[in-house]
2 protein chains.
Amino acid sequence: MAATIKDVAKMAGVAVSTVSYALNNSPKISEETRRKVVKAAEALSYRPSGAARNLKKRKSETIGLFLNDLGGPFYSQVIEGVQEVVASHDYNLIVCSTYGGENSSANRFLREKFVDGAIIMGSAIPDSLILQVAAESFPIVVLDRELKADYVHSVLIMNEQGAYDAVKHLIKLGRRKIEFLSGPLAAYDNSKRYEGYKRALKEHNLPVPAKISMQGRYLEAGGYQAVKVMLAGNRLPDAIFAANDEMAIGAIRALREGGVRVPEDIAVVGFDNISLGPFVRPTLTTIGHSKYEMGAIATQLVFNVQKDENSIMLPTQLVIRQSCGFKQQNDDQDETSILHEGRRGLG
Amino acid sequence: MAATIKDVAKMAGVAVSTVSYALNNSPKISEETRRKVVKAAEALSYRPSGAARNLKKRKSETIGLFLNDLGGPFYSQVIEGVQEVVASHDYNLIVCSTYGGENSSANRFLREKFVDGAIIMGSAIPDSLILQVAAESFPIVVLDRELKADYVHSVLIMNEQGAYDAVKHLIKLGRRKIEFLSGPLAAYDNSKRYEGYKRALKEHNLPVPAKISMQGRYLEAGGYQAVKVMLAGNRLPDAIFAANDEMAIGAIRALREGGVRVPEDIAVVGFDNISLGPFVRPTLTTIGHSKYEMGAIATQLVFNVQKDENSIMLPTQLVIRQSCGFKQQNDDQDETSILHEGRRGLG
DNA sequence: CCATATTTTTGAAACGTTTCAAAAGCAAAT
DNA sequence: ATTTGCTTTTGAAACGTTTCAAAAATATGG
């Protein structure tokens, strides 16, 4: 049905190989034949088959970015960073959801070598699959996840230190009973953030709660619910450190509805510095990290394949707004931030 | 280097075709051989070549979703709708940015038949390319864009009517001097929204400004700047209708900074009902439309290819919050909404 | 035990490109 | 005319699958 390179060749009265060279702008072809070929191709509205091309060339010139859910407010900047670097290498980028388990699109694409390299964020792709497919010809970079293997690199955030900074900041502001609003217990970043929370309490001789009392699955509604439940209890904390911003925002909503003043009665600090932060009331104090840079660096790593695994640690940054109760003289649009230097280099 | 189906065949001591059948769970193959084959495949850590497969089968079982920028707050729900329907058909979804002009990834993918169908949102892909590649074997659905051709379907939003409803609402609340905060003049949806704005003014015998005085390129910062400039002038309006929510939010920020009370002095209404709306202060009155449904319907259309172009019109909905100045007795989290029924069917 | 069905396995021909190595054209130099 | 050295064009062999049609093996029934 659709025209192939053979049809173009026939119409232009030349060999198939000539068409190929001509359309790929090879210098071997004379201008005259090139014109003939292009004309024929247009007349037949010829579209080359990417599949055939990739098969023959044994590469797709495409990088895959695999995410848990394409929608999250968090990802968009990461994507931008990836996009930029991929484009600068004249490669294509496809973004794909990891949703769907065993035979999700992501799994299929990883297995079937649709892409020449992959960047993986989120936990839906099991370590085993990554280990299976990573190879010199197929480098993989994992984001915010520890995984060591040949041709697997990782870009990490200083989760522990960031959480530590957040909690320490609350302590410095005089808060003594600080609760941890947890994300999924199985999540890597959540557990790191929990570690940082505990370290800060310990180092300041504050009691560490025996167990996690609030869980919000990293969702706004989850934070809201967890805090609703908390409010029904009797002994309220004077601060909440949420493992991500969505939950922090849900927490603030629940507190407000319960007549609790934020930050006067209970201070709230989140993590991730999502773009919504400056818009909620009170504006959200949080731990930021450079998402664009994360994407860009990850992509660089994909292009600089190296056998030994290599991990890069990105710094975090305390972003002080209103919800922590820090007294500022300036307008609420302004914000202060304290950079926590990270280190970059071999893992 | 990497193992191919031939290597697996050799190792398992069977023919290439047997391996293919075995791994694709064809019922012709005996359990015994299947086991042998699977074992060999695992031993060699065989990964089938998607390119070869697609070439032979002449399809990729993949749908492409092409967006202007992957990050926008607007898109995520559309993506979810698409994702859901694509998955229900056991197809794969790739999302891809149209950024990059002539030889962007998007252009390449569209041309090289990497995908079996496409959903296109945003204006970066020229009509000409769409017309060129749309075919029975390659259906295309365009979102919020009018384009009629064989095998091209469109899913539209009632932009004109939505804008009309927004402005009418402001008029009913007593506003008389309503300015239009425009997006890019060339944008299809912007011009439709402008039409609706003008119609509402005319129908209520209000003067229609001779020309558009504020432009904000659909960006928050654009709305902010445009309003800053407006504030420097002398005759202020008593309401602003922004062609999208981002600009409306920027407008509110500028007004607040300028000491203008929203909505008391100037009311603001946006368009799109992005998720940020309920979080800004005052909460944003806007025109909503179901983004998830938009994605889902578009995807259905891709799978139900029909020759004659077919367009579907989705209803909009006035979402009343604080920024329009409507006096409500209830808490600010609540919101009222008025559905404007759309019609669905042939264009 | 033979003929006939049925199940399982196999060769070989695609699918539509790229690219190597050889052939053909063509000019200039002998 | 023939050789030499270019430039341009071409055939044919991949690339790694799927799938048709035929062959081989096995089972079924008389």
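Order of the sequence lines sets the chain letters (A, B, ...), proteins ahead of strands, with each chain counted from 1.
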Checklist entry - According to a strict under-4.0 Å criterion, is A:Y21 in side-chain N/O contact with OP1 or OP2 of D:dG11? => result no
Checklist outcome for this item: When rounded to whole Å, the NZ to C1' distance for the pair B:K59 and D:dT18 reads 12 Å
Item to check | Length of the CD1-C1' vector between B:I5 and D:dA14, whole Å | outcome: 17 Å
Checklist entry - Does OP1 or OP2 of D:dT9 have a side-chain N or O of A:S30 closer than 4.0 Å? => result yes
Item to check | Basic-acidic side-chain contact under 4.0 Å: A:D116, A:K59 | outcome: no
Next on the checklist: Looking at B:R53 and B:E61, is any side-chain nitrogen of the basic one under 4.0 Å from a carboxylate oxygen of the acidic one?
Outcome noted: yes
Next on the checklist: With a cut-off of less than 4.0 Å, is there a side-chain N or O of A:S49 near OP1 or OP2 of C:dC15?
Outcome noted: no
Item to check | B:L55 vs B:K28, nearer the 5' end of DNA chain D by closest nucleotide | outcome: B:L55
Checklist entry - Counting only side-chain N and O atoms of A:R58, is one of them less than 4.0 Å from OP1 or OP2 of D:dC15? => result no
Checklist entry - With sugar-phosphate meaning primed atoms plus P, OP1 and OP2, does A:R34 contact a base, only sugar-phosphate, or nothing at under 4.0 Å between heavy atoms? => result nothing
Item to check | Non-hydrogen side-chain atoms of B:T62 and A:F109 separated by less than 4.5 Å | outcome: yes
Checklist outcome for this item: When rounded to whole Å, the CZ to P distance for the pair B:R35 and C:dT9 reads 12 Å
Checklist entry - How close or far is atom C1' of D:dG16 from atom CZ of A:R111, stated in whole angstroms? => result 18 Å
Checklist entry - Base, sugar-phosphate alone, or nothing: which one does A:V14 contact when heavy atoms must sit under 4.0 Å apart? => result sugar-phosphate
Checklist entry - Counting any heavy atom closer than 4.0 Å, what does B:N24 reach on the DNA or RNA strands: base, sugar-phosphate only, or nothing? => result sugar-phosphate
Next on the checklist: If you assign each of A:S17 and B:A15 to its closest nucleotide in DNA chain C, which residue comes earlier from the 5' end?
Outcome noted: B:A15
Item to check | A:K56 NZ to C:dT18 P, straight-line distance once rounded to whole Å | outcome: 10 Å
Checklist entry - To the nearest Å, how far apart are A:E112 CD and D:dC15 P? => result 19 Å
Checklist entry - At under 4.0 Å, does any side-chain N or O of A:T18 touch on OP1 or OP2 of D:dT10? => result yes
Checklist entry - Atom CZ of B:F114 and atom P of C:dT17: how far apart are they, to the nearest Å? => result 12 Å
Item to check | Distance below 4.0 Å between A:S20 side-chain N/O and C:dT18 OP1 or OP2 | outcome: yes
Next on the checklist: What is the separation between atom NZ on B:K113 and atom P on C:dC15, rounded to the nearest whole Å?
Outcome noted: 12 Å
Next on the checklist: Could you check whether A:R47 makes a cation-pi contact with B:F138, meaning its NZ or CZ is under 6.0 Å from the centre of the six-membered ring and within 45° of the ring axis?
Outcome noted: yes
Item to check | Note, A:L23 side chain near A:V38 side chain (heavy atom, < 4.5 Å) | outcome: yes
